[in-house]
Amino acid sequence: MASATTSISSHPAALRDVKAARIGGALRQVGVAARGQRARAVPPLRAAEPARRPVAASAAAAPPAAPVADEAAVDYEALARELEGASPLEIMDRALAMFGSEIAIAFSGAEDVALIEYAKLTGRPFRVFSLDTGRLNPETYQLFDRVEKHYGIRIEYMFPDASEVQELVRTKGLFSFYEDGHQECCRVRKVRPLRRALRGLRAWITGQRKDQSPGTRASIPLVQVDPSFEGLDGGAGSLVKWNPVANVDGKDIWTFLRTMDVPVNALHAQGYVSIGCEPCTRPVLPGQHEREGRWWWEDAKAKECGLHKGNIDKDGQAAAAAAAPRTANGNGSAGAPDIFESPAVVSLTRAGVENLLRLESRAEPWLVVLYAPWCPFCQAMEASYVELAERLAGSGGVKVARFRADGEQKPFAQAELQLQSFPTVLLFPSRTARPIKYPSEKRDVDSLLAFVNSLR
């Protein structure tokens with residue numbers, strides 16, 4: 001599902017006026033068609049469905065709208081080319097007209113609310129479903145309720161299988177994804193519920209955009225035969241996937257949301273851009289890409305939970321990987337320049353770290369950052385860490401060091417140095433064998449210094 005690319009901040013009034021004028025022009029383009037279809041459209045599904053039901057169940061209950069064409073005969077590659085210059089509103093209108101009650105909007109609680117607004121503006125009946133993983137932020141659940149009330153709809157929630165979640169948690173704990181990757185948890189809580197939902201549909205609508213993830217979404221078409229999931233009839237090619245905002249920039253999505261005054265997730269105002277499950281999502285720093293806030297402890301560039309895995313450009317990624325320079329430790333970080341380079345910061349080898357681990361009594365404490373030079377969070381704390389090192393060098397009593405813990409050193413750092421995500425800061429006290437991990441994500445000089453002074 002999609003996510004926003006900008007936090008909520010006011011745009012100049014002139015920009016809002018320009019965008020409002022564009023939206024008005026798009027409305028006029030489809031207005032005649034929309035009014036003509038209203039007379040033939042089925043009653044809104046929300047009126048016939050007072051209770052929330054799974055997508056598969058409600059699809060069978062809703063009266064189908066007559067499609068405007070035999071979708072089995074449609075060339076979707078040609079249709080995608082035809083729609084390349086169309087507005088999201090026109091694309092939404094075409095999707096709803098073609099599939100009626102057998103298509104639904106996938107809503108994640110981020111800026112996918114734009115899809116619901118576009119669907120409303122077509123004047124056609126529409127359906128909305130969402131995956132409740134059981135681990136969403138409270139603000140996301142609050143948005144679900146506000147969206148239902150704002151549009152007078154019932155979101156069709158899909159839940160993970162309770163026995164699968166129980167088995168995963170009992171076997172591996174609540175936070176195993178920090179240690180072995182997010183794919184297994186996402187598969188249980190998101191991918192399999194989505195698969196069940198889509199088997200009750202012939203098409204679905206997503207909020208994917210090309211600018212969300214250059215590594216995985218740069219080539220998504222406006223409409224396609226879904227390469228990963230099956231629809232109502234089963235088998236390959238039985239499901240169509242629509243991406244009406246694929247060509248829209250994130251800033252323009254937010255201009256549209258503000259212009260139309262629709263509900264948005266309160267987390268956006270707190271620096272969250274791409275919003276997923278609570279344990280796997282955090283705010284991004286200024287200048288970071290929105291996907292950096294998702295699964296931040298992983299060094300992979302292809303950050304997908306599996307819902308849109310079929311859109312990953314494998315050939316393009318392979319070519320890029322082959323062309324990228326490799327670093328000395330072979331981790332494939334495309335030659336990112338090293339960081340924390342300062343005369344006040346000692347560069348430790350693995351042997352040096354192992355020696356620190358063996359010592360039960362040290363002449364002085366050591367503060368060590370476990371880092372990866374490509375990690376934006378490590379880059380963001382570089383200035384404060386170097387300043388801290390210079391301060392401590394002047395006062396004496398604490399050695400400040402760095403240890404590059406990605407690539408081939410990562411398994412060792414995870415097993416011996418408590419590494420879960422980059423950066424990890426450890427204090428080796430003078431008279432305690434076991435290193436103490438800095439517990440906070442506040443990486444300013446004063447916070448780091450308070451940690452050191454409390455334990456030195």
Quiz prompt | Partners meeting side-chain hydrogen bond (donor to acceptor under 3.5 Å, both in side chains) with Gln142 (sequence neighbours left out) | solution = none
Quiz item: Ring centres of Tyr385 and Phe340 under 6.0 Å apart?
Solution: yes
Quiz item: Take atom CD in Glu341; do more than 12 heavy atoms of anything else shown fall under 6.0 Å from it?
Solution: yes
Practice problem: Using a strict cut-off of less than 4.0 Å between a Lys/Arg side-chain nitrogen and an Asp/Glu carboxylate oxygen, indicate whether Arg195 and Glu230 qualify as a salt bridge. | Solution: no
Self-check item: Contact check, side chains of Gln420 and Lys437, non-hydrogen atoms, under 4.5 Å
Solution: yes
Exercise. Keeping the roles fixed (side chain from Ser447, backbone from Arg443), state whether a donor-acceptor pair exists under 3.5 Å.
Key: no
Quiz item: Hey, does the side chain of Gln166 reach the backbone of Asp161 with a donor-acceptor pair shorter than 3.5 angstrom?
Solution: no
Quiz item: Thr255 and Asp252: side-chain donor and acceptor closer than 3.5 Å?
Solution: no
Quiz item: Tell me, do Leu370 and Val368 make a side-chain contact under 4.5 Å, heavy atoms counted?
Solution: yes
Quiz item: Are any side-chain N or O atoms of Arg192 and backbone N or O atoms of Glu164, one a donor and one an acceptor, separated by less than 3.5 Å?
Solution: no
Self-check item: Donor-acceptor pair, side chain of Arg127 and main chain of Ile105, under 3.5 angstrom
Solution: no
Quiz item: Side chains of Gln414 and Gln409: closer than 4.5 Å at any heavy-atom pair?
Solution: no
Self-check item: Pair Asn243, Thr206: side-chain N/O donor-acceptor within cut-off below 3.5 Å
Solution: yes
Self-check item: Check: Thr171 side chain, Leu168 main-chain N or O, donor-acceptor pair, under 3.5 Å
Solution: no
Quiz prompt | Non-neighbouring partners of Arg135 that pass salt bridge (charged side-chain N to carboxylate O under 4.0 Å, His left out), sequence neighbours left out | solution = none
Self-check item: Any side-chain donor near an acceptor of the partner, Asn137 and Thr281, under 3.5 Å
Solution: no
Exercise. Could you tell me whether Arg196 sits above the aromatic face of Phe159, with NZ or CZ closer than 6.0 angstrom to the six-membered ring centre and within 45 degrees of the axis?
Key: no
Exercise. For residues Pro365 and Phe428, determine if any side-chain heavy atom of one lies less than 4.5 Å from a side-chain heavy atom of the other.
Key: no
Practice problem: Begin with the C-alpha distance, continue with both residues' side-chain angles, and end with the deciding distance and a verdict on side-chain hydrogen bond (donor to acceptor under 3.5 Å, both in side chains) for Tyr151 and Glu117. | Solution: CA-CA 9 Å; Tyr151 291 100; Glu117 181 68 14; 2.6 Å; yes
Quiz item: Heavy-atom distance under 4.5 Å between the side chains of Trp366 and Ser430, does that happen here?
Solution: no
Practice problem: Decide, yes or no, whether a salt bridge links Lys442 with Asp444 under the criterion of side-chain N to carboxylate O below 4.0 Å. | Solution: no
Quiz prompt | Pairwise distance CG(Leu143) to OG(Ser130) - rounded to 0.5 angstrom | solution = 9.5 Å
Quiz item: Under the side chain to side chain contact (heavy atoms under 4.5 Å, CB included) criterion, do Glu102 and Leu232 qualify, and how do the steps go?
Solution: CA-CA 9 Å; Glu102 295 177 329; Leu232 192 62; 4.2 Å; yes
Exercise. Return the orientation label for the Trp242 and Tyr76 ring planes: parallel under 30°, perpendicular over 60°, tilted otherwise.
Key: perpendicular
Quiz item: Taking the inter-plane angle between the rings of Phe175 and Tyr178 on a 0 to 90° scale, is it parallel (under 30°), tilted (30 to 60°) or perpendicular (over 60°)?
Solution: parallel
Practice problem: Flag the pair Tyr371 / Phe422 as yes when their ring centroid distance falls below 6.0 Å, and as no otherwise. | Solution: no
Quiz item: If only atom types and distance count, is the side chain of Asn355 paired as donor or acceptor with the main-chain N or O of Ala351 below 3.5 Å?
Solution: no
Quiz item: Taking Tyr438 as the fixed residue, which of Leu448, Leu455, Leu427, Val452 is the one that meets the side-chain contact (heavy atoms from CB on, under 4.5 Å) rule?
Solution: Leu448
Quiz prompt | Check: Phe144 ring centroid to Phe107 ring centroid under 6.0 Å | solution = yes
Self-check item: Straight-line distance of Ile275 CD1 to Leu136 CG, nearest 0.5 Å
Solution: 10.5 Å
Exercise. From the options Val369, Val353, Leu417, select the one residue that forms a side-chain contact (heavy atoms from CB on, under 4.5 Å) with Leu426.
Key: Leu417
Exercise. Any chance you could measure Leu367, atom CG, to Ile436, atom CD1, to the nearest 0.5 Å?
Key: 11.0 Å
Quiz item: Which is it for Lys399 and Arg362 under the side chain to side chain contact (heavy atoms under 4.5 Å, CB included) test, yes or no, and what are the steps along the way?
Solution: CA-CA 11 Å; Lys399 291 286 189 180; Arg362 305 173 186 88; over 6 Å; no
Practice problem: Considering only NZ, NE, NH1 and NH2 on the basic side and carboxylate oxygens on the acidic side, decide whether Arg189 and Asp132 come within less than 4.0 Å. | Solution: no
Quiz item: Is a donor on one side and an acceptor on the other found under 3.5 Å between the side chain of Arg146 and the backbone of Val264?
Solution: yes
